[in-house]
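Note that ligands are numbered from 1 as they come in the structure, with each ligand's atoms numbered from 1 the same way. These figures come from a predicted structure and were not determined experimentally. Nothing fancy with the numbering, it's 1 onward along the sequence.
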Amino acid sequence: MQHSVCLARHKSSSEYFCIMDMRIGGTFLPSESGTFFSVLNPAYNMVCDTAPVSSYADVHHAVEVADGAFSIWSEEEPISRAKVLFRAAQRVRDDSTSLSSLLTQEQGKPLRESINEIQGFARVLEYYASICSSIHGDYSYSKAYGHSFVVKQPIGVCAAIIPWNVPALIMGWKVGSALAAGCSVVLKPASTAPLTCLRLGEILDDSGLPPGALNIITGPGAVVGEALAAHPDIAAVSFTGEIETGKHLAQKISPSLKRLTLELGGSDPMIVCADASIQKAVAGAVAGRFFNCGQICVSTKRLLVDASIYDRFIDELMQAMKHIVPGDGMHPKTTMGPLNNHAQKEAVSKQVQDTIDAEQGTLSYQGTMSEHADPNGFFLPPMLLTDVSPDASIMQQEVFGPVLPICPFTSVDEAIDLANSTRYGLGASIWTNNMETVHNIAPAIRSGIVWVNQHLKIPPEVPFGGVKESGFGRENGYQALDHYLVEKSVLIKL
Ligand code: NDP
């Protein structure tokens with residue numbers, strides 16, 4: 001079968017890019033199925049490229065190849081693994097202009113956000129490269145039992161399944177930690193944003209990974225993703241995506257008792273106390289909600305503001321929202337891109353309409369589109385919903401789009417209750433100048449992460465993940481390595 005090469009041209013530029021097939025065994029390989037799906041540029045609803053629909057045979061082949069590479073990669077000296085990751089990070093930085101452009105064209109986000117994300121991918125690799133050699137076990141001695149030591153060994157071939165909202169960064173989290181631990185990986189990117197991941201995979205391979213240590217298969221998650229996760233030779237699965245998909249996947253693979261990490265949705269509250277700097281909190285709310293068009297698991301999804309500053313806060317927020325420029329992410333004036341796909345646009349529009357129809361909130365502000373927002377693109381304007389009932393579904397369900405619902409609170413206890421009133425527990429932020437307030441609220445919030453006077457910051461050194469239905473397990477930090485390592489106790493009686 002011939003390798004397929006797809007050439008596409010971005011509507012507003014003369015740049016061509018060229019993507020070839022899945023990545024298996026360190027090379028681009030066509031799918032055994034011979035079929036492809038279209039990847040759309042969400043700013044125009046136009047095909048920007050295609051990717052193969054992997055078959056069960058492809059899944060099996062990828063796992064088999066990864067299994068072969070595991071015996072090589074897991075035996076590499078940690079310092080050698082580190083060198084590969086450092087080299088890949090540098091190559092990604094060197095190639096960040098074209099990678100960022102590709103990311104914007106398949107995902108929709110403004111180019112400067114794509115540049116941040118690509119740099120973020122490189123930074124994650126550098127972080128894991130820097131701690132590769134520090135992975136170690138434990139030791140103890142007793143007269144009765146002798147010398148006991150605990151070795152940490154890579155678990156085997158791992159599956160990574162990721163969403164479309166920040167595909168490069170999330171790929172970095174999973175692949176960086178798995179490779180540092182000595183595991184081999186089969187990655188399944190989202191079908192609406194697989195292209196940048198394929199290019200990043202190529203760069204990692206070209207940086208010295210043994211062929212097959214990282215493989216990338218594409219195609220519908222319900223078929224390809226599920227087959228991958230359930231494959232008997234997959235030792236651990238790391239999934240990021242929606243709660244319902246995560247629950248379904250957990251059920252599917254539970255009979256095998258394989259290790260599973262679930263990074264799922266969030267509905268992060270932002271609590272603005274009376275003594276907060278309104279100017280900084282407004283800037284934080286705008287960045288927290290409208291970055292990536294509101295499509296981040298830890299976006300500011302519910303704004304809770306002390307009643308004594310509520311009206312002033314709304315006035316200043318509306319002024320700030322006027323500066324948001326929705327449009328094609330490739331245009332330099334754009335500050336907010338389109339939604340990633342049509343279904344997402346429809347879902348968010350419905351959530352807003354349902355709130356208005358049920359009289360559970362008022363649409364107090366709606367931005368205007370720039371001339372760089374093509375009518376065929378999946379654009380929505382930035383929207384502010386005020387006086388939203390805490391029971392409204394827009395407060396209770398995750399809203400993955402540019403909509404900010406806001407409601408007042410009258411006491412710190414009420415703010416905590418509101419913050420904890422959903423099934424989610426990913427992130428939260430507290431905005432105050434009073435450290436006592438921080439110490440009262442932070443421990444009481446049921447979430448995996450709490451920011452103070454900031455939101456959305458995810459450095460690779462700090463463990464990241466949820467509680468409640470936002471999932472379990474951690475990305476980033478030393479803690480993420482635990483998913484990819486097994487501890488073996490060796491007891492020696494001399
Ligand atoms: P989905 O759950 O729809 O998809 C995520 C990935 O799973 C995709 O690659 C998808 O493939 C695949 N998939 C779909 N169905 C199955 C299945 N039955 N078995 C195995 N894999 C499957 O999520 P979205 O892509 O829509 O992403 C948005 C969600 O991700 C939001 O809820 C967001 O909050 C969450 N998220 C969580 C983060 C965290 O760290 N907690 C970070 C970022 C996002 P395909 O695309 O082909 O359908």
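Residue-to-ligand polar distances keep Thr192 apart from ligand 1: every N/O pair is separated by 3.5 Å or more. Not a single N or O atom of Trp173, backbone or side chain, sits closer than 3.5 Å to an N or O atom of ligand 1. Between Gly221 and ligand 1, an N or O atom pair is found at a separation short of 3.5 Å. Checked against a 3.5 angstrom limit, the closest N/O atoms of Glu242 and ligand 1 fall inside it.
The proximity of Leu249 to ligand 1, defined as any non-hydrogen pair under 4.0 Å, is limited to the side chain. Under 4.0 Å from ligand 1, not a single heavy atom of Lys252 appears. Under 4.0 angstrom from ligand 1, the non-hydrogen atoms of Pro189 all belong to its backbone. Counting heavy atoms closer than 4.0 Å to ligand 1, residue Ile162 contributes backbone atoms (N, CA, C, O) but none from C-beta onward. Residue-level proximity to ligand 1 for Val166 is absent, since no heavy atom of it falls below 4.0 angstrom. At a 4.0 Å heavy-atom cut-off, ligand 1 touches Pro220 through the backbone alone. At a heavy-atom distance under 4.0 Å, only backbone atoms of Leu264 (N, CA, C or O) approach ligand 1.
Counting protein heavy atoms only, atom 7 (O) of ligand 1 is closest to Phe239 CE1, 3.2 Å. Among protein heavy atoms, the minimum distance from atom 46 (O) of ligand 1 is reached at Ser191 N, 2.9 Å.
A heavy-atom separation below 4.0 Å is found between Ala222 and ligand 1. Residue Gly219 places a heavy atom under 4.0 Å from ligand 1.
Side-chain contact of Gln396 with Thr422: a donor-acceptor pair under 3.5 Å is absent, judged by distance alone.
The closest heavy-atom contact to atom 31 (C) of ligand 1, among the options Lys301, Lys188, Glu398, Arg474, comes from Glu398. Of the candidates Pro163, Gly241, Gly266, Gly241 brings a heavy atom nearest to atom 35 (C) of ligand 1.
Ring orientation note: the planes of Trp173 and Phe464 are tilted relative to one another, at an angle of 30° to 60°. Using cut-offs of 30° and 60° for the angle between ring planes, the His342 and Phe378 rings count as tilted.
Judged by distance alone, the side chain of Ser389 and the main-chain N or O of Gln360 form no donor-acceptor pair under 3.5 Å. Between the side chain of Trp451 and the backbone N or O of Lys457 there is at least one donor-acceptor pair closer than 3.5 Å. In this structure a side-chain-to-backbone donor-acceptor pair under 3.5 Å is present from Tyr128 to Gly477. Counting only distance, with no hydrogens or angles, the side chain of Lys345 and the backbone of Leu380 share no donor-acceptor pair below 3.5 Å.
Arg302 has its side chain within reach of Ser421: a pair of non-hydrogen atoms, C-beta onward, lies under 4.5 Å apart. Under the 4.5 Å side-chain criterion, counting only non-hydrogen atoms from C-beta, Pro194 is in contact with Val39.
Less than 4.0 angstrom separates atom 4 (O) of ligand 1 from none of the non-hydrogen atoms of the protein.
Salt-bridge check for Arg91 with Asp206: failed, with every basic side-chain N at 4.0 Å or more from each acidic carboxylate O.
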